[in-house]
Amino acid sequence: MTAINHELAQLLFPHVERTPHDWLTQYPPRSLPDSAFVTRYAPSPTGFVHIGSIYASLVASRVAHQGGGVFFLRIEDTDKKREQDGSIEAIVRNMINFGLSPDEGIIQIEPEEREVGAYAPYTQSERVAMYESFAKFLVERGLAYPAFDSETELDSLRKQQEAQRVRPGYYGVWARWRDAKIERIQEKLAQGERPVIRVRAPFPNEARVKLHDMIKGDLDLPANDNDAVILKSNRLPTYHFAHVVDDTLMRVNLVTRGDEWLPSLPLHVQLFEAIEQPKPKFAHIAPIAKMEGTTKRKLSKRKDPEADMTYYYVAGYPEQAVTEYLLNLANSRFEDWRREHPTTPNSEFDFKLDDMGKSSPLFDIVKLNDISKNVVASYTAEQVYMTSLVWAKQNNPSLAALLEHDRDYSVRVFNVERMSAAPRKDIVNWSDIERACGFFFDELFSASIAANGYPFPNLGAALMEQIIEAARHFDPATLKETWVIDMRALAEQFGFARDNKAYKKEPTAFKGQFGDMMMVIRVALTGKTNTPDLYEILQTFGVERANRRLDQAIAAVRSGENAR
RNA sequence: GGCCCCAUCGUCUAGAGGCCCAGGACGCGGCCCUUUCAAGGCCUAAACGCGAGUUCGAAUCUCGCUGGGGUCACCA
């Protein structure tokens, strides 16, 4: 520490008395086994929650918790311009919903915000004193210096570099404030100008940074020679410096983050060395991407609705489905595991960073839908009822009213073809319920008939009337097999084939096959051509509702207006 | 443009020199089952970007090329 550096440090940070050592003493190493990882999710509160964030925190949380480590939440609010109200609430709510509740940081917002953890505060704007201590430390050692370039000066610098076709940046001869005399700095400060603080990077720097990334493998990057800004003129740190100081003081030993950070990794390594602290391990995650025409790009907040977690809430995807889809993207082994362990909570899946892909996976809603169908099928009717009701209250109030109006009936509706070994898989998400089950509810059924009529097959009004009339005599005490046998007999009586084989053998001898007759009943009861099993529908409806529907259908057939 | 990362069916991927004329899942198509639909069962089509090496032998190792992506802010 030279006298001049010390003087400069005092000039820049006269009020800063605490040293890095003081802070390191205040926040001692965690007492955890060596194998335990301390990870964090460090979002900036700049808007809606991106699915990539949930993906990254899922990874971080699993890696930490599997080894008995700690996963915490840190709010990176150093860019006050981009900050948006409500972001923190959205972040915390999403984490809770997705079973990613942090061990430390803001863990709750309702009824009141609550922060826990011994490494507080967990919000960067409240940690300014720490950044200043470390910045002062660097200035004292000649490893950082103030720079007073204005925005326009930096712009013209960049333009000159472009014109001369040299690498843009603040380095070598371009780093004008790098070796400024202290008198000049004093003068600027006296004029009331606020400098940024830049690292003094070795220049020229031919060194290479070699390290092992837990996802990307062995990395070999050129060392940093750019005098990056570590403290902005408003005294808030840049991401780079905040990352290094916070992850040091909060004793993070594994940094998981998007791989867009790879290019600045050498700077980070340099900063860890400059503050004389060990660097953590790194795991750089390839972000979820999407095709746009022929180009692949990161899922974008602006362009892609599916980037926003709100999309999944509005569509009513169970959180478990989204989680398992993401787990599958991260570790494709997951779906094999799921098949072998159909009912085990996914938290017991042995997640491995090693198994993560190195390149960006493409988002695939079709695959998500498939996973979601299976998740919904694994729910009990009661669970479907409860969960979809919560969704409907927010997203489909009229459906919520129907579900609440007759709770028992609704649960029975969701129980149709659910209790078997091969449960019905026709509900993708809660917004799909109206399409799949709407006809069970008289209001929705009537609306559908009013809008679309009955999609009856062309069998002639007289015959259809007879068929529907015959269906009126349903006895709930009848066993399913018996009922089917009875219906087959009826089919034969009406001139339909008793079974498919008979029909295939001699198609012209019949009015149609068994299914054709049943379709008339199906449409009469439901107004649809694709529904669950008719026997179960009749059982669920009950005789009264069934007969009411059949009578209505007969009337429609008679009037002819809806037959088509 | 510099630097960096990446590269197997349409998609997610398995594959760490012979087990692979490449396996699974989703999707697509077909068949079976069947009161429609869904599910389920069976089956088909579908990929190692290209070129050199190394080797008895390469999807797997090396190099080059090509292609894709990321990044070059007082944003994170």
Side-chain angles (χ1 to χ4, degrees), chain A residues 42-44 46 76-79 81-82 147 149-151 154-155 158 162 165-170 194-198 213 216-217 219-222 226 228-240 242-243 257-266 284 286-287 289 291 294-298 325 328-336 338-339 355 357-364 366-371 373-374 377 417 420-427 436 457 483-484 487-488 491 499-500 513-523 526 528-535:
Chain A
S44 11
T46 54
E76 308 224 324
D77 59 342
T78 57
D79 185 357
K81 279 170 251 152
R82 296 202 311 157
D149 308 271
S150 69
E151 204 176 312
L154 288 174
D155 271 351
R158 214 167 295 123
E162 244 167 70
R165 297 178 160 256
V166 298
R167 186 160 50 92
Y170 206 86
R194 305 272 63 129
V196 299
I197 306 296
R198 290 178 179 271
D213 184 278
K216 300 282 183 183
L219 260 22
D220 184 357
L221 313 169
N226 191 49
V229 172
I230 58 173
L231 242 42
K232 304 186 250 185
S233 55
N234 64 4
R235 290 283 159 137
L236 255 25
T238 56
Y239 168 84
H240 311 293
H243 149 56
R257 56 169 30 162
D259 67 8
E260 68 271 20
W261 291 110
L262 236 28
S264 45
L265 187 52
H284 286 93
M291 287 307 283
T294 54
T295 55
K296 187 177 180 178
R297 59 165 173 76
K298 251 175 88 170
Y325 174 64
N328 199 236
L329 280 188
N331 273 194
S332 67
R333 224 166 13 89
F334 176 76
E335 63 185 340
D336 298 324
R338 176 46 88 210
R339 218 171 304 122
D355 289 351
K358 293 182 182 186
S359 55
S360 290
L362 252 29
F363 179 80
D364 185 3
V366 179
K367 181 77 177 183
L368 169 63
N369 287 345
D370 178 67
I371 289 174
K373 267 196 297 197
N374 282 295
E417 287 190 53
S420 69
R424 192 166 181 81
K425 298 184 182 176
D426 58 352
I427 298 175
W483 180 75
V484 173
M487 295 310 283
R488 283 188 194 280
D499 56 63
N500 293 355
Q513 41 188 329
F514 181 46
D516 293 330
M517 183 193 83
M518 296 301 276
M519 185 55 85
V520 176
I521 300 171
R522 181 181 311 280
V523 171
T526 69
K528 293 176 61 179
T529 56
N530 55 331
T531 76
D533 176 71
L534 275 184
Y535 176 83

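By convention in this document, chain letters (A, B, ...) are assigned in the order of the sequence lines, proteins followed by strands, and residues within each chain are numbered from 1.
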task = Answer with base, sugar-phosphate or nothing: what part of the nucleic acid does R339(A) contact at a heavy-atom distance below 4.0 Å?
result = sugar-phosphate
query = With rounding to whole Å, what would you report as the distance between U55(B) and U60(B) at their C1' atoms?
reply = 13 Å
request  = With P as the reference atom in both, quote the distance from A59(B) to G18(B) in angstrom, rounded to an integer.
outcome  = 11 Å
message = Checking Y170(A) now: which residues fulfil ring-ring contact (aromatic ring centres under 6.0 Å, His included) with it, not counting sequence neighbours?
response = none
Rounded interatomic separation in angstrom, taking CZ from R297(A) and P from G69(B) = 11 Å
key: Listed partners of R338(A) passing salt bridge (Lys or Arg N to Asp or Glu O under 4.0 Å), at least two apart   = E324(A)
Touch class at under 4.0 angstrom, heavy-atom based, for T295(A) against every strand present = sugar-phosphate
note = Sorted by chain and residue number, the side-chain hydrogen bond (donor to acceptor under 3.5 Å, both in side chains) partners of K232(A) (sequence neighbours excluded) come out as none
message = Suppose we screen for salt bridge (Lys or Arg N to Asp or Glu O under 4.0 Å). Which residues come up paired with R333(A), at least two apart in sequence or across chains?
response = D355(A)
Check nucleotides 72-76 of chain B for protein N or O atoms closer than 3.5 Å to its own N or O atoms and list the pairs.
unit_1	atom_1	unit_2	atom_2	d
C74(B)	O2	S233(A)	N	2.9
C74(B)	O2	S233(A)	OG	2.9
C74(B)	N3	S233(A)	OG	3.1
C74(B)	N4	D149(A)	O	3.0
C75(B)	OP2	K232(A)	NZ	2.9
C75(B)	O2'	D79(A)	OD2	2.9
C75(B)	O2'	R82(A)	NE	3.4
C75(B)	O2'	R82(A)	NH2	3.3
A76(B)	OP1	T78(A)	OG1	2.8
A76(B)	OP1	K232(A)	NZ	2.5
A76(B)	OP2	Y239(A)	N	3.2
A76(B)	O3'	E76(A)	OE1	2.9
A76(B)	O2'	S44(A)	OG	2.7

task = Any chance you could list the contact pattern along nucleotides 7-16 of chain B? Use B for base contacts, S for sugar-phosphate-only contacts and - for none, protein heavy atoms under 4.0 Å, 5' to 3'.
result = ----SSSS--
ask   = What residues form a salt bridge (Lys or Arg N to Asp or Glu O under 4.0 Å) with K528(A), not counting sequence neighbours?
value = none
request  = Please list, chain by chain and in numerical order, all residues satisfying side-chain hydrogen bond (donor to acceptor under 3.5 Å, both in side chains) with H284(A), sequence neighbours excluded.
outcome  = D213(A), R257(A)
task = Using the C1' atom on both, measure A47(B) against C42(B) and round to a whole Å.
result = 24 Å
request  = List in chain and number order the residues that pass side-chain hydrogen bond (donor to acceptor under 3.5 Å, both in side chains) with T531(A), two or more places apart in sequence or in another chain; answer none if no residue qualifies.
outcome  = R522(A)
request  = Could you measure between the two P atoms, the one in G49(B) and the one in A7(B), and give it in whole Å?
outcome  = 10 Å
ask   = Which parts of nucleotides 33-44 of chain B does protein reach within less than 4.0 Å, heavy atoms only, written one letter per nucleotide 5' to 3' as B for base, S for sugar-phosphate only and - for none?
value = --BBBBSS----
key: salt bridge (Lys or Arg N to Asp or Glu O under 4.0 Å) partners of K425(A), counting only residues at least two apart   = none
request  = For N369(A), check side chain to side chain contact (heavy atoms under 4.5 Å, CB included) against everything at least two apart and list the hits.
outcome  = Y317(A), I365(A), V428(A)
